[in-house]
Novice: 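I'd like to ask you about the structure that follows.
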Amino acid sequence: MCPTYDAMRMRHYGPRGRINLILDLMGGSNGAPSPDSMGRRVVDGIFTCLHCGACDTQCPAGIKISDVILSFKALVLSQRFKGRGSK
Ligand code: SF4
């Protein structure tokens, strides 16, 4: 079982809720939204994923859900900090 869903008992803290949020946020756009434009509930739901992989063995389609969530976080953060490199 997803440990964050087990602790919070709210859909957006579980794998299905996180994937649905990501699908909603990515729908029809060419890029991920910035964290600033995402509601607190969305940010908390997606960014509290622990990437433990417990959900990966439960997906009947064989989707690596934790990888999808990690990739989405990376995309959002890369947009958030675009242009800020170390010099
Ligand atoms: S990797 Fe899956 S099981 Fe683990 S915290 Fe994230 S959504 Fe929950």
Side-chain angles (χ1 to χ4, degrees):
M1 171 179 269
C2 174
T4 53
Y5 179 79
D6 192 33
M8 303 300 287
R9 296 289 169 179
M10 289 184 273
R11 271 181 93 97
H12 59 287
Y13 284 98
R16 185 182 303 256
R18 288 177 172 128
I19 290 297
N20 285 336
L21 287 173
I22 290 170
L23 288 173
D24 284 350
L25 290 164
M26 295 298 289
S29 69
N30 291 325
S34 76
D36 297 336
S37 69
M38 296 163 49
R40 179 63 190 249
R41 187 171 159 232
V42 173
V43 172
D44 285 352
I46 294 172
F47 279 78
T48 53
C49 173
L50 304 172
H51 306 288
C52 64
C55 55
D56 291 342
T57 60
Q58 296 170 8
C59 177
I63 296 169
K64 297 283 188 191
I65 297 170
S66 61
D67 286 351
V68 173
I69 297 169
L70 183 62
S71 294
F72 182 78
K73 284 184 186 179
L75 184 61
V76 168
L77 292 175
S78 70
Q79 288 199 346
R80 175 68 175 84
F81 295 106
K82 192 182 331 182
R84 293 187 197 176
S86 57
K87 294 183 180 180

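On a predicted model such as this, the values are computed, not experimentally measured, just so you know. All ligand and atom numbering here is 1-based and tracks the order in the structure. Start at 1 with the first residue, then count along the sequence.
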Novice: How long is the straight-line distance from CE of Met10 back to CG of Asp44, given to the nearest 0.5 Å?
Specialist: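 Result: 9.0 Å between the selected atoms.
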Novice: Measuring from atom NZ of Lys64 to atom OG1 of Thr57, what distance do you get when rounded to the nearest 0.5 angstrom?
Specialist: 8.5 Å
Novice: Under 2.8 Å from atom 2 (Fe) of ligand 1, which protein atoms of type N, O or S occur, listed by chain and number?
Specialist: Cys55 SG
Novice: Measure the CE-CG distance between Met26 and Leu21 for me, rounded to the nearest 0.5 Å.
Specialist: 13.0 Å
Novice: Drop me the distance from Tyr13's OH to Ile46's CD1, to the nearest 0.5 angstrom.
Specialist: 11.0 Å
Novice: Rounded to the nearest 0.5 Å, how far apart are CD1 of Ile19 and SG of Cys55?
Specialist: 7.5 Å
Novice: I need the single residue from Leu23, Thr4, Ile65, Val42 that forms a side-chain contact (heavy atoms from CB on, under 4.5 Å) with Arg18. Which is it?
Specialist: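 Answer after filtering Leu23, Thr4, Ile65, Val42: Thr4.
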